[in-house]
Amino acid sequence: MRHTGRLQGKAPMTRPIVTRFAPSPTGMLHIGGVRTALFCWLFARRHGGRFILRIEDTDLSRSTDDNIRIIEEGMAWCGLDWDEGPVVGDPSAWTGPHGPYRQMQRMDRYRARIQDLLDQGLAYRCRCDREALALRRTAVEKAGKVFQYNRGLDAGKGCAEAGHDASQAAAIRFRMPVGGDIVVRDLIKGDTRFPADSLDDWIIARTGDGPGEIGVPTYNFCVVVDDTQMEVTHVIRGDDHLNNTPKQIPLFEAFGYDLPAFAHVPMILGADGAKLSKRHGATSITEYQAMGLLPSAVRLALARLSWTPKIDGKAVESAEEELLTDAQMIQLFDLDDCQKSAARFDMDKLQWINQKLIQRSPWQELEPHLRPFLPAAWAEKPKAWRARAIQCTQKGKSLKDMAEALTFAFVRPETFEGAEKFLTPLVLPALREVRALTDYSHEGLEAAFTDLLARHGLKTKDLAQALRVALCGKPVSPGIYDTLLLVGPEEVAARLARWL
RNA sequence: GGGGCUAUCGUCUAGGGGUCAGGACACCGCCCUUUCACGGCGGUAACACGGGUUCAAAUCCCGUUAGCCCUACCA
């Protein structure tokens, strides 16, 4: 077992747990990224550790401040608060002792480390130009072999022997170990061995601006520098990075650092099993927000993909147990209970969770989330009215559904085709009396209805449906007493007028 | 091509030598009902394939197949 760190797989207990989420600001915040962040967050919270947000913006062509703000806001909406990282809305500020937390602002650190490696002979300058490299690559591949820089079939053909001009600008390559296996001890995937000879001397810094200059370092290099310097104990990331780990491990060792523990979490797939993309519907976290989902529902649904919470060693066994609170999730979260395989995104389950969470939330908690879906007039309504409005629509699947179910309270309805089917001559006399009702308490309305129904020989259904149609413009609304109450006596009279 | 990861109901999964293969979502049916819902009860439905090992395999081993990842001076 060569190239394995002494502490790999178990972080030293003397250090507090530190996890980090390190997205690239290249567009929207992807739901898969949020899930990875969620696992990091849950793990840190579970162990009373710190959670770092770090921005990997070394891809100059795609990284923008706007994209960074999208990440920050998405994380914030999801309730994934970070202990160290950028400050929302201020590109030059950060919180935490290991800043800055944007890689492009950390260049001097990277260059210093690269210089160290160069001085120790652990890395070297490479002046092969890309065309020449491409030529060699195709030649080797044509022969059915694998092109690996300075390795395998290409062994001994590195720059040193190629006699390149030292006055040229150069990229920097890291000298990888030869022979044996590099083993990654992964908390989710288990031990995985990679033949060291399947990897080559990879580029840690792009070609610099001039001779002796060190260019922008690459991703695999920056991560290692950052993770060590930020004292990350548990690298929890997408399993697309599993293959990068054997490249990074020798770097940790070259720096003389203990290895962090690794946990590669499976990806989230679309409903058809393909990589989750736009054509599957929502991929950006902001779309979930717009759908009327509660952040807590998104958290639970995402967490339950590839994670089975175990209570006293037993997997959750009922709908009731499935509905974990954040506190329970944090208390229960364990990398041991994570799946190795990718999971398909299940929108039905998300919606079910959302519905259940809406049902069991106090109306005051729901209101701020519901507010963006409601008309401005909402704010002017009395507290008791708002409470009733929310409570009688808490059966909805989403905040959007709830808001839609309440539109009748704000807009006078149009009539519709077939309204007469409900507003028959038989119910009109009763409707006329409803117009005069003044006691709008639930009990008052119920008593009045009982009396009305008896005297006019109607069934509850007849009157209720007629009222729904006249008041809401459709035969669907909350309970009829609630509907009346939310519309209010004057408006009820006004809306009824056209039918009488 | 090389290296790596993965594989139980439609979906998320439990189970890791002997289970009627369990649960949740979805779906279907019944009940409740002033509409739509909610709720209650019940039901359909799975070990990718082929070889081993074993008295016994979903479970262990080896193949195969399929999907994905890495193989960039992207991250």
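Just so we're on the same page: letters track the sequence lines, and every chain starts at 1.
- Contacts of Gly479(A) with the nucleic acid, taken as non-hydrogen atoms under 4.0 Å apart, include base atoms.
- Checking A37(B) for Watson-Crick or G-U wobble geometry (two distances, each under 3.5 Å) identifies no partner in any strand.
- Counting distance only, with no hydrogens placed and no angle test, the side-chain atoms of Lys395(A) and the base atoms of C36(B) include a donor-acceptor pair under 3.5 Å.
- Distances shown here put a side-chain N or O of Thr58(A) below 4.0 Å from the OP1 or OP2 atom of A75(B).
- Contacts of Pro266(A) with the nucleic acid, taken as non-hydrogen atoms under 4.0 Å apart, are absent.
- When distances run from any side-chain atom of Arg137(A) to the nucleotides G22(B), A72(B), C38(B), the shortest one goes to A72(B).
- Residue contacts shown for Asp348(A) are limited to sugar-phosphate atoms, with no base heavy atom under 4.0 Å away.
- Close to C5(B), at under 4.0 Å from its OP1 or OP2, lies a side-chain N or O of Thr192(A).
- Taking the side chain of Ser341(A) as heavy atoms from C-beta on, and the options C69(B), U6(B), C12(B), the nearest nucleotide is U6(B).
- When the P atom is used for both C12(B) and C20(B), the distance is 27 Å, rounded to whole Å.
- Nucleotides A14(B) and A7(B) place their P atoms 10 Å apart, quoted to the nearest Å.
- Contact annotation: Lys247(A) side-chain N/O to A75(B) OP1/OP2 distance is not under 4.0 Å.
- Regarding contacts with the backbone of A75(B), a side-chain N or O of Arg206(A) is found under 4.0 angstrom from either OP1 or OP2.
- Among the nucleotides U34(B), A14(B), C70(B), the one closest to any side-chain atom of Gln339(A) is A14(B).
- Regarding contacts with the backbone of G23(B), every side-chain N or O of Ser318(A) stays at 4.0 angstrom or more from both OP1 and OP2.
- Taking atom C1' on both U11(B) and G52(B), the two are 33 Å apart, rounded to the nearest angstrom.
- Asp462(A) comes within contact range of no nucleotide atom at all, as no heavy-atom separation falls under 4.0 Å.
- Taking the P atom of each, A21(B) and A57(B) are spaced 14 Å apart, rounded to whole Å.
- Checking the phosphate oxygens (OP1, OP2) of C5(B), no side-chain nitrogen or oxygen of Lys340(A) falls inside 4.0 Å.
- The separation of G10(B) from A45(B), taken at their C1' atoms, amounts to 9 Å, rounded to a whole angstrom.
- In this structure, U19(B) makes no Watson-Crick or G-U wobble pair, since no nucleotide meets both defining distances under 3.5 angstrom.
- No hydrogens or angles considered: nothing links the side chains of Asn244(A) and Tyr219(A) as a donor-acceptor pair under 3.5 Å.
- As rounded to the nearest Å, C38(B) and A75(B) have P atoms that lie 48 Å from one another.
- A donor and an acceptor atom never sit less than 3.5 Å apart when one is taken from the side chain of Arg344(A) and the other from the base of U11(B).
- Using a 4.0 Å heavy-atom cutoff across all strands shown, Ser477(A) reaches at least one base atom of the nucleic acid.
- Classification of C70(B) as anti follows from a glycosidic angle more than 90° from 0.
- Proximity note for Gln359(A) (side chain, C-beta onward) versus A24(B), C38(B), C68(B): the nearest is C38(B).
- For the pair Lys275(A) and C69(B), the criterion of a side-chain N or O lying under 4.0 Å from OP1 or OP2 is met.
- If you check every strand for non-hydrogen atoms under 4.0 Å, His241(A) touches a base.
- Contact check, Lys310(A) against G15(B): a side-chain N or O comes under 4.0 Å of OP1 or OP2.
- Lys397(A) has its NZ atom 7 Å from the P atom of A26(B), to the nearest Å.
- Atom C1' of G3(B) sits at a distance of 33 Å from the matching atom of G17(B), rounded to the whole Å.
- Residue-level contact check: Leu242(A) touches the backbone only, with heavy atoms under 4.0 Å from sugar-phosphate atoms and none from bases.
- The base of C73(B) lies outside donor-acceptor range of the side chain of Thr218(A), with no N or O pair under 3.5 Å.
- Here the nucleotide nearest the side chain of Lys349(A), chosen from U6(B), C25(B), U35(B), is C25(B).
- Across all strands shown, G50(B) pairs with C62(B); the Watson-Crick or G-U wobble distances both stay below 3.5 Å.
- Out of A26(B), G4(B), U13(B), the shortest distance to the side chain of Ala343(A) is found at U13(B).
- Ion pair Glu433(A)/Arg455(A) flagged as a salt bridge, since at least one NZ, NE, NH1 or NH2 atom sits closer than 4.0 Å to an Asp/Glu carboxylate oxygen.
- Nearest to the side chain of Asp346(A), among C25(B), C38(B), G4(B), sits C25(B).
- Arg468(A) forms no cation-pi arrangement with Phe422(A), by the criterion of a distance under 6.0 Å to the ring centre and an angle within 45° of the ring axis.
- Distance check on atom C1': C9(B) versus C28(B) gives 15 Å, rounded to whole Å.
- One side chain, Arg237(A) or Thr245(A), offers a donor N or O that lies under 3.5 Å from an acceptor on the other.
- Closest to the Val476(A) side chain, of the nucleotides U35(B), A14(B), C70(B), is U35(B).
- Of the charged side-chain nitrogens involved, at least one lies within less than 4.0 Å of a carboxylate oxygen, so that Asp66(A) and Arg69(A) count as a salt-bridged pair.
- No option in Arg304(A), Lys310(A), Lys314(A) other than Lys310(A) meets the salt bridge (charged side-chain N to carboxylate O under 4.0 Å, His left out) test with Asp337(A).
- Between Ser306(A) and U13(B) there is a side-chain polar atom (N or O) within less than 4.0 angstrom of OP1 or OP2.
- Within 4.0 Å (heavy atoms only), Arg304(A) reaches sugar-phosphate atoms of the nucleic acid but no base atom.
- Tyr481(A) comes within 4.0 angstrom of a nucleotide base, judged by non-hydrogen atoms across all strands.
- Salt bridge absent: Glu72(A) and Arg102(A) never bring a charged side-chain N and a carboxylate O closer than 4.0 Å.
- Across all strands shown, U71(B) is found opposite G1(B) as a Watson-Crick or G-U wobble partner, with both distances under 3.5 Å.
- Annotation: Phe333(A) is in aromatic contact with Phe39(A) [ring centroid separation under 6.0 Å].
- The side chain of Asn243(A) lies closest to G4(B) when the candidates are C38(B), A24(B), G4(B).
- Closest contact between the side chain of Ser198(A) and the listed nucleotides C25(B), G22(B), G3(B) involves G3(B).
- In this structure U11(B) sits in a base pair with A24(B), meeting the Watson-Crick or G-U test at under 3.5 Å.
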